[in-house]
Amino acid sequence: MAPPDVDIFPHATGKAAELVARHESPQEIVFWSGWFCPFNQRAWIALEERGIPYQYKEVNPYKKEKHFLEINPKGLVPAFEYKGKALYESLVLTEFLEDAYPDHKPHLFSSDPFTRAHQRIWIDFITKSVVPAWQRLLMAQGTEKQDAAREELYAAQRKFAEQVKGPYFSGEEFSLVDIAIAPWIERERIVTEHRAFKSTQVSKEYVTYVGHILSRPSVINTSSDQEKYQPIYDRYLRDEAQSEAAKAIRAGRPLP
Ligand code: GSH
């Protein structure tokens with residue numbers, strides 16, 4: 001029998017579906033996307049923020065179909081086909097858009113070298129601390145493990161929020177740092193409902209920041225109907241997911 005993750009709902013819904021419908025025609029960038037995936041949403045938010053033309057193509061990465069493995073040998077969404085060549089890794093893709101489309105405004109990385117390096121440090125922190133802690137909380141079984149995972153997540157988010165200038169990470173300008181964390185903020189409802197997560201326990205600054213991220217049009221417009229995420233996350237909540245990310249968390253390895 002195929003692993004359960006293969007049976008995910010096949011396409012975007014709600015606001016995200018409206019966006020998909022506006023991006024069907026061929027463009028220089030083909031965006032191979034999984035509507036449900038937080039890493040994928042990073043690339044999607046960046047495309048939208050920068051107003052870069054793209055053709056949206058939905059792919060179920062769990063099926064590991066040959067045509068998709070030729071685009072991303074890791075078999076993960078998101079991926080871009082750019083002028084017939086393939087690129088992948090969400091953070092690489094968001095940086096690539098900065099480099100390949102310099103005339104598209106706004107830029108999402110600071111032009112000041114120090115601020116840019118600082119932004120990279122905090123993107124790295126999100127990757128190594130916030131996202132794995134979020135994923136561990138999602139999959140933790142039993143009160144003791146869930147309590148420990150929740151505290152670990154609160155601590156990471158608190159540390160991050162201390163760095164937020166407001167309203168966005170680097171101040172008035174929305175940046176790649178905000179994009180790096182936004183999809184996990186958008187999905188906080190899952191851990192709130194099922195893992196007793198309370199953003200108020202992180203810090204006042206964090207709650208304010210979350211409000212700004214959740215009202216950003218690019219975040220809203222790349223999100224599907226909330227109930228469609230539930231069956232996907234149910235597998236993680238029961239610790240039954242067979243994705244590469246789930247296997248990595250179980251084995252204590254870094255996320256793929
Ligand atoms: N490091 C990758 C990135 O940032 O793009 C992670 C991407 C990733 O894990 N994507 C998931 C995927 O394609 C969906 S959310 N999973 C397929 C699998 O686990 O087999």
Side-chain angles (χ1 to χ4, degrees), residues 1-13 16 29-47 54 56-82 86-98 108 120 122-139 176-188 190-191 219 222-224 228-237 239-251 253-256:
M1 202 177 80
D5 310 74
V6 170
D7 304 321
I8 50 173
F9 193 77
H11 57 78
T13 53
I29 291 182
V30 180
F31 173 33
W32 290 91
S33 170
W35 66 267
F36 60 91
C37 170
F39 300 95
N40 191 82
Q41 194 178 9
R42 286 172 165 170
W44 206 357
I45 294 172
L47 284 164
Y54 61 94
Y56 185 100
K57 288 205 184 167
E58 186 70 43
V59 62
N60 180 335
Y62 302 112
K63 288 191 177 163
K64 307 287 175 215
E65 285 165 337
K66 190 169 167 287
H67 80 96
F68 185 57
L69 289 174
E70 279 162 11
I71 294 162
N72 182 356
K74 284 178 151 182
L76 306 174
V77 286
F80 286 170
E81 243 176 298
Y82 172 74
L87 289 169
Y88 45 91
E89 278 302 319
S90 58
L91 295 173
V92 175
L93 298 179
T94 54
E95 282 207 33
F96 165 75
L97 295 177
E98 291 294 295
L108 298 171
R120 284 206 167 98
W122 287 93
I123 290 174
D124 188 58
F125 179 80
I126 293 165
T127 304
K128 291 185 182 144
S129 299
V130 178
V131 174
W134 200 101
Q135 193 76 28
R136 273 194 282 276
L137 175 59
L138 182 71
M139 293 173 61
L176 291 185
V177 186
D178 304 301
I179 291 182
I181 199 168
W184 286 271
I185 291 181
E186 215 276 320
R187 287 157 179 74
E188 235 158 53
I190 306 279
V191 282
V219 175
T222 54
S223 297
S224 278
K228 288 288 186 295
Y229 294 94
Q230 194 61 49
I232 297 172
Y233 283 104
D234 279 344
R235 289 171 200 135
Y236 287 92
L237 291 163
D239 197 14
E240 288 171 2
Q242 294 303 322
S243 66
E244 294 307 315
K247 287 188 260 183
I249 291 290
R250 247 172 243 132
R253 282 187 274 114
L255 288 169

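All ligand and atom numbering here is 1-based and tracks the order in the structure.
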Q: Report, in ascending order of atom number, the atoms of ligand 1 lying under 4.0 Å from any heavy atom of Glu244.
A: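 Those atoms are 18 (C), 19 (O), 20 (O).
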Q: Before signing off on this row, confirm whether Val77 and ligand 1 have an N or O atom pair separated by under 3.5 Å.
A: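 Val77 vs ligand 1: N/O contact under 3.5 Å present.
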Q: So, Glu95 and Arg120, do they make that salt bridge, N to O below 4.0 Å?
A: yes
Q: Under 6.0 Å between ring centres, would you say that holds for Trp44 and Phe39?
A: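 Ring-ring flag for Trp44/Phe39: false, centres at least 6.0 Å apart.
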Q: Main chain of Val30, side chain of Lys57: is a donor-acceptor contact present, judged purely on distance under 3.5 Å?
A: no
Q: In terms of atom number and element, which parts of ligand 1 are under 4.0 angstrom from non-hydrogen atoms of Pro78?
A: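 Atoms satisfying the 4.0 Å criterion: 5 (O).
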Q: Ring centroids only, cut at 6.0 angstrom: are Tyr88 and Trp32 within range, meaning strictly under it?
A: no
Q: Flag Ser243 as yes when one of its N or O atoms lies below 3.5 Å from any N or O atom of ligand 1, and as no otherwise.
A: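 No, Ser243 has no N/O under 3.5 Å of an N/O on ligand 1.
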Q: Given Cys37, Pro256, Ala43, Pro38, which one has a non-hydrogen atom that is nearest to atom 11 (C) of ligand 1?
A: Cys37
Q: Start with the C-alpha distance between Phe36 and Ile8, add both sets of side-chain angles, then the distance that settles side chain to side chain contact (heavy atoms under 4.5 Å, CB included), and finish with yes or no.
A: CA-CA 9 Å; Phe36 60 91; Ile8 50 173; 3.2 Å; yes
Q: Tell me which protein heavy atom sits closest to atom 17 (C) of ligand 1, plus the residue, atom name and distance to 0.1 Å.
A: Tyr62 CE2, 3.4 Å
Q: Report yes or no: do Ser223 and Gln41 form a side-chain donor-acceptor pair below 3.5 Å?
A: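 The criterion, which ignores hydrogens and geometry beyond distance, is satisfied for Gln41 and Ser223.
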Q: Any idea which protein heavy atom is nearest atom 4 (O) of ligand 1, and the distance to it?
A: Ser90 OG, 2.6 Å
Q: To which protein heavy atom is atom 16 (N) of ligand 1 closest, and what is the distance rounded to 0.1 Å?
A: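 Answer, as residue, atom name and distance: Leu76 CD2, 3.5 Å.
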Q: Answer whether the closest heavy-atom distance between the side chains of Tyr54 and Tyr82 falls below 4.5 Å.
A: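 SC-SC contact between Tyr54 and Tyr82 ruled out.
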Q: How does Lys64 reach ligand 1, if at all, at less than 4.0 Å between non-hydrogen atoms: by side chain, backbone, both, or neither?
A: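 The side chain, only.
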Q: Tell me whether ligand 1 is touched by Gly34 - counting only heavy atoms on the residue side and a distance under 4.0 Å.
A: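 Flag not set, Gly34 not near ligand 1.
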